Amino acid sequence: MNDLRFGNAMAALSFALWGMLPLYYQFLPNAAMDELLAFRIMASVPFAALMVIFLQKKTIRLKTIIADKRSFKMAFVASCLMCVSWTAFTWAMTNDRVMDASLGFFISPLTMAALGVFLLGERLSLGKKIALLLAGTGLLYQVMQYGQVPYIALSMAVFFTLYGYFKKKINYDWATCLFVEVLVLTPFALAYLIFKQTTVGAVSLESGWQTLMLYIGSGPVTLAPLIFYSMAIRLTTMSNVALMQYIEPSLQFLLAVFVFGELFDEVKLVSFSLIWAGLLFTIIESFGKRRPLAKP
């Protein structure tokens, strides 16, 4: 398998795992978003360190990491951007708004593909152009019918796209990059939790050990898909990642309707049908581009 195909496979796997995350967050209804973010950052550090040591078979050398000042700064910026997107996503997960999260990740491929074209000089095939046009039409129809801007969905999409853009500017390998991303924000997360506990009290620390473990578990649960995403973003194009990303909101949509019983009206039916029609074009195109079998 060449690098491009492997990158596409990793992208598909990462978005499939993200698509199943609503099942986890249903155990944390109305969670304290600030504390959940802090625990997500801190709990990810040892998990990310193990990836560097055992998967990459490298020793963590902080002096060497910090010596690459540009990559270190880009990792800090990327981490902050991911935090914004992740907080919006988690709020939707824990407030019975899984459909909003699904919409956010339907918007994200549009912003990601646009970034790839206008900033990175990538070219879109005809199938991808049709897919993005139909997806954009579907989203615009939903916004016009409901008469309101989907702020949560837009926040998720824009900040996740920017996160991917800055990750392309980092020279660290994928495992070291993830480790640095969570490490740079850990002092801030720890300081915030201590401050909140000593002033008004932290909900996560006063709700029993089962709830505390769910807060801590948000770290590795969220980081696992990022492992495969970090591999993908280095090996394939932004436009390919953008289209693979439709796997995630499709799974979230199915969970929202069939598992969590969220409303699916005629407006959403039209909107999502246009989006999935666009996906069909890319699938047909991908089959058409397969190399024919060699003649005997």
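Note that this is a predicted model, so its numbers are computed, not measured. Note that these values count all heavy atoms, side chains included, but never hydrogens, waters or copies made by symmetry.
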If you measure from [atom1] on [X] to [atom2] on [Y], what distance do you get to the nearest 0.5 Å?
X   : Y    : atom1 : atom2 : answer
S79 : F166 : OG    : CZ    : 12.5 Å
L17 : T222 : CG    : OG1   : 11.5 Å
M74 : Y172 : CE    : OH    : 10.5 Å
L81 : L162 : CG    : CG    : 5.5 Å
M82 : L178 : CE    : CG    : 9.5 Å
I60 : L50  : CD1   : CG    : 8.5 Å

Given 3.5 Å as the limit, does a donor-acceptor pair link the side chain of [X] with the main chain of [Y], or not?
X    : Y    : value
T94  : T90  : yes
S207 : V203 : yes
S71  : I170 : no
T199 : K196 : yes
S44  : R40  : yes
T236 : A232 : no
S218 : Y215 : yes

Do the side chains of [X] and [Y] join up, straight or via other hydrophobic residues, at under 4.5 Å, putting them in one cluster?
X    : Y    : result
V52  : I66  : yes
L133 : V143 : no
V45  : I194 : yes
L140 : L269 : no
F6   : L13  : yes

>> In this structure, is the centre-to-centre distance between the rings of F264 and F253 below 6.0 Å?
In response: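 Yes - the distance between ring centres of F253 and F264 falls below the 6.0 Å cut-off.
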Check: [Y] and [X] side chains under 4.5 Å, non-hydrogen atoms:
X    : Y    : answer
M156 : V84  : no
V267 : M144 : no
W86  : F159 : no
F89  : L21  : yes
E181 : K167 : yes
V184 : F72  : yes
L185 : C83  : yes
Y165 : V77  : no

> Is it true that atom CZ of F188 has more than 12 heavy atoms of other residues, nucleotides or ligands lying nearer than 6.0 Å?
Replying inline: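 No, CZ of F188 has 12 or fewer neighbouring heavy atoms, counting only those of other groups under 6.0 Å.
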>> Is it true that, when you exclude Q210 itself, more than 12 heavy atoms of the residues, nucleotides or ligands shown sit nearer than 6.0 Å to its CD?
In response: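 Yes, CD of Q210 has more than 12 neighbouring heavy atoms, counting only those of other groups under 6.0 Å.
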> Between L190 and M42, does a side chain to side chain contact (heavy atoms under 4.5 Å, CB included) hold up when you go through it step by step?
Replying inline: CA-CA 7 Å; L190 179 59; M42 293 188 299; 3.8 Å; yes
>> Determine whether Y24 and M93 satisfy the following criterion, side chain to side chain contact (heavy atoms under 4.5 Å, CB included), listing intermediate values before the conclusion.
In response: CA-CA 9 Å; Y24 182 87; M93 294 294 99; over 6 Å; no
To check you understand the geometry: which heavy-atom pair defines the closest contact between [X] and [Y], and what is its length?
X    : Y    : answer
S102 : P249 : OG-O, 2.7 Å
A38  : L193 : CB-CG, 3.8 Å
A48  : V182 : CB-CG2, 4.2 Å
F260 : P22  : CE1-CB, 3.7 Å
I65  : T176 : CD1-CG2, 3.9 Å

> How far apart are the C-alpha atoms of S271 and Q142, what are their side-chain angles, what is the distance that settles it, and do they pass the side chain to side chain donor-acceptor pair (under 3.5 Å) test?
Replying inline: CA-CA 6 Å; S271 177; Q142 188 172 149; 3.0 Å; yes
> Any Lys/Arg nitrogen of E262 or R97 sitting under 4.0 Å from an Asp/Glu carboxylate oxygen of the other?
Replying inline: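 Answer for the salt bridge query: no.
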> Would W18 and Y229 count as a ring pair (Phe, Tyr, Trp, His ring centres under 6.0 Å) if you check the C-alpha gap in whole Å, the side-chain angles of each, and the deciding distance to 0.1 Å?
Replying inline: CA-CA 10 Å; W18 263 316; Y229 178 79; 5.7 Å; yes
> Do M10 and L235 pass the side chain to side chain contact (heavy atoms under 4.5 Å, CB included) test, and can you show the C-alpha distance, the side-chain angles, and the key distance before you say yes or no?
Replying inline: CA-CA 9 Å; M10 291 300 97; L235 300 174; 5.7 Å; no
>> With no hydrogens and no angle check, just 3.5 Å: does a side-chain donor-acceptor pair link Q197 and Y192?
In response: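 No, no side-chain donor-acceptor contact under 3.5 Å.
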>> One pair to check against side chain to side chain contact (heavy atoms under 4.5 Å, CB included): Q252 and M99. What are the steps and the verdict?
In response: CA-CA 7 Å; Q252 291 172 357; M99 194 76 75; over 6 Å; no
